[in-house]
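This report concerns only the one structure given below.
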2 protein chains.
Amino acid sequence: MSIGPKQALYAAFASVARALGSQHRLEIVEHLAQGERGVESLAERVGLSIANASQHLQHLRRAGLVASRRDGKYVLYRLADESVLGLTAAISGVAERHLAEVDRIRRSYFDDRDGMEPVSREELLRRTREGLVTVLDVRPLDEFEAGHLPGAVNIPLSELEARLAELDPDQEIVAYCRGPWCVLSFEAVAALRARGFKVRRLEDGLPEWRAAGLPVEGA
Amino acid sequence: MSIGPKQALYAAFASVARALGSQHRLEIVEHLAQGERGVESLAERVGLSIANASQHLQHLRRAGLVASRRDGKYVLYRLADESVLGLTAAISGVAERHLAEVDRIRRSYFDDRDGMEPVSREELLRRTREGLVTVLDVRPLDEFEAGHLPGAVNIPLSELEARLAELDPDQEIVAYCRGPWCVLSFEAVAALRARGFKVRRLEDGLPEWRAAGLPVEGA
DNA sequence: ACATCATTCAATTAATTTATTGAATGTAAC
DNA sequence: GTTACATTCAATAAATTAATTGAATGATGT
């Protein structure tokens, strides 16, 4: 018995969904949204062995979600196109609206008592035009160099405590990182607030900024 | 060692993706996009045992993709909200663009030699205002009754051959069914073309029409 | 051409997920 | 209250998928 077109199509669609049905692969996708990356550095950041990370990348590639190219001895992976970002946003959007678990996590970890409500892209654009705001990128240096918001200052979260002097205590700060659920900017806001800085988070990260067609510097 | 918020969040997001990572569950979602449905009739249409369909529905509910309510002795399931349709569209969009398999299926089954290019919603709206077109809904009667395009005629695909007399051979026909990948309208177009009718497919189905905010009749 | 080394493949084991069955639950009708 | 019946739960076996390891591949640079 031959399978009909409907079964074959749904099998193909399901393979795309299954490819994103893994914690590790979602995290890999978030990192690739920042820019191209090799297997080794991805493996390190996601906390997987190289062989294991390679497997997951193959899986993502078979599902059409990532593409790769060789550069010298390295193979660099990237997202297949910007619609992959839209797909992950759709997933987290459904999760955010309908999973009690997500709400619980937000409440317990991303405590938003002290005005943790994010700044929208539009608002940030207005404020930067008026020169009223320091835009702070708390991602690692290499991600910053691969592209960042115009005029942004880079202080990776891990170096934040040591480099407080670089920030003007009198100006408002807007921090951002990899995406709407990236923890770096949450922690940066908490740390800077504790030291008296006036700081808020951008509602999402660099990939969404770029996807919205806004200008990116240093790419 | 406690897991961080990042791991917990990604686990939640992955569970949403995994819930759609099954042929059967994707098909269930397509049916639910037409309107509320009970376990038994869903099981029958998707070709699963009742207990198995119930399991899949629980899985979808845990992932926040469907909701349910009781009506008498029946439990009726529905999509959690219209963003679920956007999520499945994002999945099929990626698959369509990047999976060679999908292209192959389209070529071999949905042969578009004879001008099979679909009619857009906008074009259909224009043509119906001019009264130039018969809108044909080829879904089963109960789905038609749960909501259909304004002025549409319902002839389920299974009855099409027997009810050809109801169609005006001189007027152009636009056929639609459950969604962009629903096979019913493809087959209806092929069958009607073979009999000399001038017929094309709508680019997608009723759920997308409704999601676009266009008027729906009989709901 | 050879040595080096990042990456992928292949094979094994462990872990999850699926389908299936029969029993349990809960609502409606009598 | 009891019966009938749709649905869900629980338990099992079958199937699929994930992680891990060591070997193979293939491009680079000398």
Side-chain angles (χ1 to χ4, degrees), chain A residues 1 3 7-8 10-29 31-32 36-78 101 142, chain B residues 1 3 7-8 10-29 31-32 36-63 65-78 142:
Chain A
M1 152 188 167
I3 62 164
Q7 275 67 33
Y10 277 120
F13 296 165
S15 77
V16 172
R18 239 189 339 265
L20 290 174
S22 142
Q23 224 168 316
H24 295 312
R25 286 194 290 269
L26 282 174
E27 213 175 328
I28 287 173
V29 166
H31 282 282
L32 290 180
E36 280 189 326
R37 225 163 234 305
V39 180
E40 189 174 359
S41 75
L42 268 173
E44 189 203 323
R45 288 182 193 222
V46 182
L48 295 173
S49 73
I50 292 178
N52 198 188
S54 173
Q55 299 261 56
H56 283 297
L57 285 165
Q58 300 306 314
H59 199 148
L60 286 167
R61 182 160 56 188
R62 275 193 301 276
L65 292 161
V66 315
S68 64
R69 71 180 177 91
R70 187 170 271 275
D71 175 33
K73 13 204 272 189
Y74 300 90
V75 174
L76 298 180
Y77 287 86
R78 64 179 183 280
E101 175 69 3
D142 59 345
Chain B
M1 154 189 169
I3 62 165
Q7 276 66 33
Y10 277 120
F13 297 164
S15 78
V16 172
R18 236 186 346 261
L20 290 175
S22 141
Q23 223 168 317
H24 294 312
R25 286 193 291 269
L26 282 175
E27 213 175 328
I28 287 174
V29 167
H31 282 283
L32 290 180
E36 280 189 327
R37 230 167 229 303
V39 180
E40 188 174 1
S41 75
L42 267 173
E44 189 203 323
R45 287 183 194 220
V46 182
L48 294 173
S49 74
I50 291 178
N52 197 189
S54 174
Q55 299 260 56
H56 283 298
L57 285 164
Q58 300 306 315
H59 199 147
L60 287 167
R61 181 161 56 186
R62 274 193 301 275
L65 293 161
V66 314
S68 64
R69 70 180 178 92
R70 186 173 271 276
D71 177 32
K73 16 205 268 187
Y74 301 90
V75 174
L76 297 180
Y77 287 87
R78 63 180 183 280
D142 60 346

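Predicted, not measured: the structure shown is a model, and the values here were computed from it. Every heavy atom of this structure was used, including side-chain atoms; hydrogens, water molecules and symmetry mates were not. Just so we're on the same page: letters track the sequence lines, and every chain starts at 1.
- The distance between atom CG of B/D71 and atom P of C/dT27, rounded to the nearest whole Å, is 13 Å.
- For the side-chain hydrogen bond (donor to acceptor under 3.5 Å, both in side chains) test, residues two or more places apart in sequence or in another chain that qualify with A/H59 are A/R25.
- Under the rule for a side-chain hydrogen bond (donor to acceptor under 3.5 Å, both in side chains), B/R18 has no partner lying at least two apart in sequence or in another chain.
- Atom CD of A/E40 and atom C1' of C/dC5 are 10 Å apart (whole Å).
- Axis deviation across the helix from C/dA1-D/dT30 to C/dC30-D/dG1 amounts to 40°, comparing end segments of five pairs, rounded to 10 degrees.
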Determine, step by step, whether B/R37 and B/R45 satisfy the side chain to side chain contact (heavy atoms under 4.5 Å, CB included) criterion, reporting the C-alpha distance in whole Å, the side-chain angles of both residues, the deciding distance to 0.1 Å, and the verdict.
-> CA-CA 11 Å; B/R37 230 167 229 303; B/R45 287 183 194 220; 3.3 Å; yes

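- Chain A approaches DNA chain D within less than 4.0 angstrom (heavy atoms of the protein), and the contacting nucleotides run 5' to 3' from D/dT17 to D/dT28.
- In this structure, the CG atom of A/L76 is 12 Å from the C1' atom of C/dT7, given to the nearest Å.
- For A/E44, the salt bridge (charged side-chain N to carboxylate O under 4.0 Å, His left out) criterion is met by no residue, not counting sequence neighbours.
- Residues meeting the ring-ring contact (aromatic ring centres under 6.0 Å, His included) test with A/F13, sequence neighbours left out: B/W181.
- Looking at residues two or more places apart in sequence or on another chain, you find a side-chain contact (heavy atoms from CB on, under 4.5 Å) between B/V29 and B/L20, B/L60, B/L79, B/V84, B/T88.
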Decide side chain to side chain contact (heavy atoms under 4.5 Å, CB included) for B/V66 and B/I28; before the verdict, give the C-alpha distance in whole Å, the side-chain angles of both, and the deciding distance to 0.1 Å.
-> CA-CA 10 Å; B/V66 314; B/I28 287 174; 5.8 Å; no

Which atom pairs, donor and acceptor, lie under 3.5 Å between side-chain atoms of residues 47-55 of chain B and protein residues at least two apart or in another chain?
| from | atom 1 | to | atom 2 | distance (Å) |
| --- | --- | --- | --- | --- |
| B/S49 | OG | B/N52 | N | 3.1 |

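- A/E40 pairs by the side-chain hydrogen bond (donor to acceptor under 3.5 Å, both in side chains) definition with nothing, not counting sequence neighbours.
- Contacts between residues 19-27 of chain B and DNA chain C, defined by a heavy-atom separation below 4.0 Å, involve B/H24, B/R25, listed by number.
- DNA chain C lies under 4.0 Å from at least one heavy atom of each of the following residues of residues 43-57 of chain B: B/A51, B/N52, B/Q55, B/H56.
- Scanning for side-chain hydrogen bond (donor to acceptor under 3.5 Å, both in side chains) contacts around A/R69 gives A/E36, with sequence neighbours left out.
- The nearest whole Å value for the distance from the CG atom in B/L60 to the P atom in C/dT18 is 10 Å.
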Do A/V46 and A/H31 pass the side chain to side chain contact (heavy atoms under 4.5 Å, CB included) test, and can you show the C-alpha distance, the side-chain angles, and the key distance before you say yes or no?
-> CA-CA 9 Å; A/V46 182; A/H31 282 282; 3.9 Å; yes

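- Contact detail for A/V39 and A/Y77: the closest heavy-atom pair is CG2-CE1, 3.5 Å.
- Mapping B/K73 and A/H59 onto DNA chain D by nearest heavy atom places B/K73 at the nucleotide closer to the 5' end.
- A donor atom on one side chain and an acceptor atom on the other are not found under 3.5 Å apart for A/R78 and A/S68.
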